[in-house]
Amino acid sequence: MTDTVTLTRGASPLILSMPHPGTGLPPEVAAQLNARGKLVEDTDWHMRRLYGFAAPFAPSIVEAQLSRFVIDLNRDPAGVSLYPGQATTELVPTTTFDGAPIWQAAPDADEIERRKAAYFQPYHTALANEIARVKAEHGYCVLWDCHSIKSVIPRLFEGTLPTLNLGTNSGQSCAGSIEAAAVTAMAGQPLTCIANGRFKGGWITRHYGRPSEGVHALQMEIALSAYLAEETAPWTFDAPKAAALQTALSAIIAAALDAAETFERSRS
């Protein structure tokens, strides 16, 4: 464990990537944030607890400890937008998702480069190394990128977000049979859902998803309303509400893993 990332090694082909549950702020970064920024409100709250159901799958878990306001681990480090023409937040966000400024003075280019080396790279080194280890042991891996977000953010999308938002970079980040199995399992749950809608998968899904090389990446963006008491501070986990969501996620992940095993066996 380091100040930036926690790695829990598992015994299966499944890796859970959690780039946004952290709330940590290095002192030099906290000093630059304004009062709104210090609330770190765009956190993917309680990811480790939410995915507690996945223990029987024996996954590896790569979990960020720092806030996405320090640097966003799911953005292209070159600063290229993942959604050209649509509102989004940057590699180092300058605003909340709602568009509220978060810095007393926005970090300059040199500071962004410093954060890439100090905070971005350790997470991706840990994730890349774990992908390599899992592939060496099992011949392939299923990378499940775990996210959550407020269900209503007019700046980012119209109306209310579906509860489950599966992203595979429009089918490019995993084998088609794996996507199809996950979509079928997702559609069978009593929750609103969509595949490759507003959220098609961020940089992690797009960068690491290489189905021809046995790395199958899927992103799941979840509406916070599905497992929090309220989508506002103090961001309280609602266990009874979360139970239905956890049952659904378990079924979807199981379907993806089964499909991945079948797909990889067919190639061997």
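Along the sequence shown, residues carry numbers from 1.
- Asp98 places no side-chain N or O within donor-acceptor distance of the main-chain N or O of Ala100, the cut-off being under 3.5 Å.
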Report the C-alpha separation of Ile253 and Met220 in whole Å, then their side-chain angles, then the decisive distance to 0.1 Å, and conclude whether the side-chain contact (heavy atoms from CB on, under 4.5 Å) test is met. CA-CA 10 Å; Ile253 291 175; Met220 180 60 79; over 6 Å; no

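- Counting non-hydrogen atoms of neighbouring residues, nucleotides and ligands closer than 6.0 angstrom, the CD atom of Glu230 reaches no more than 12 such neighbours.
- Tyr123 places a side-chain N or O within donor-acceptor distance of the main-chain N or O of Val62, the cut-off being under 3.5 Å.
- Judged by distance alone, the side chain of Ser151 and the main-chain N or O of Ala223 form no donor-acceptor pair under 3.5 Å.
- Around the CZ atom of Arg265, the shell of radius 6.0 Å holds no more than 12 heavy atoms that belong to other residues, nucleotides or ligands.
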With side-chain contact (heavy atoms from CB on, under 4.5 Å) as the test, would you mind laying out the steps for Val92 and Trp103 before giving the verdict? CA-CA 11 Å; Val92 173; Trp103 301 102; 4.0 Å; yes

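- Tyr140 and Phe263 are assigned to two separate hydrophobic clusters, defined by single-linkage of ILVMFWY side chains at heavy-atom distances under 4.5 Å.
- Checked against a 6.0 Å centroid threshold, the rings of Phe199 and His147 do not count as neighbours.
- Under the 3.5 Å distance criterion, the side-chain polar atoms of Lys135 are matched with a main-chain donor or acceptor of Glu213.
- Of the possible donor and acceptor atoms, none in the side chain of Thr168 sits under 3.5 Å from a partner among the backbone N and O of Cys174.
- Side chain of Ser173 to backbone of Ala217: a donor-acceptor contact under 3.5 angstrom is found.
- Side-chain contact check for Thr8 versus Arg48: some heavy-atom pair is nearer than 4.5 Å.
- Side-chain N or O atoms of Gln65 include none that pairs as donor or acceptor with a backbone N or O of Gly24 at under 3.5 Å.
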Before you tell me yes or no, could you show the steps for Leu164 and Leu245 under side-chain contact (heavy atoms from CB on, under 4.5 Å), namely the whole-Å CA-CA distance, both residues' side-chain angles and the distance that decides it to 0.1 Å? CA-CA 9 Å; Leu164 301 173; Leu245 173 61; 3.6 Å; yes

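- Here the options are Glu231, Glu41, Glu221, the test is salt bridge (Lys or Arg N to Asp or Glu O under 4.0 Å), and the partner is Lys150; only Glu41 passes.
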What do the steps show when you test Asn196 against Ser170 for side-chain hydrogen bond (donor to acceptor under 3.5 Å, both in side chains), and what is the final call? CA-CA 6 Å; Asn196 293 303; Ser170 297; 4.5 Å; no

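- Under the 4.0 Å criterion applied to side-chain N and carboxylate O atoms, Asp44 and Arg68 are assigned as salt-bridge partners.
- No side-chain N or O of Tyr208 forms a donor-acceptor pair with one of Ser17 less than 3.5 Å apart.
- A donor-acceptor contact under 3.5 angstrom links the side chains of Asp72 and His20, judged on distance only.
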Can you list the steps and then say if Glu130 with Arg9 is a side-chain contact (heavy atoms from CB on, under 4.5 Å)? CA-CA 8 Å; Glu130 191 60 10; Arg9 286 203 170 121; 3.1 Å; yes

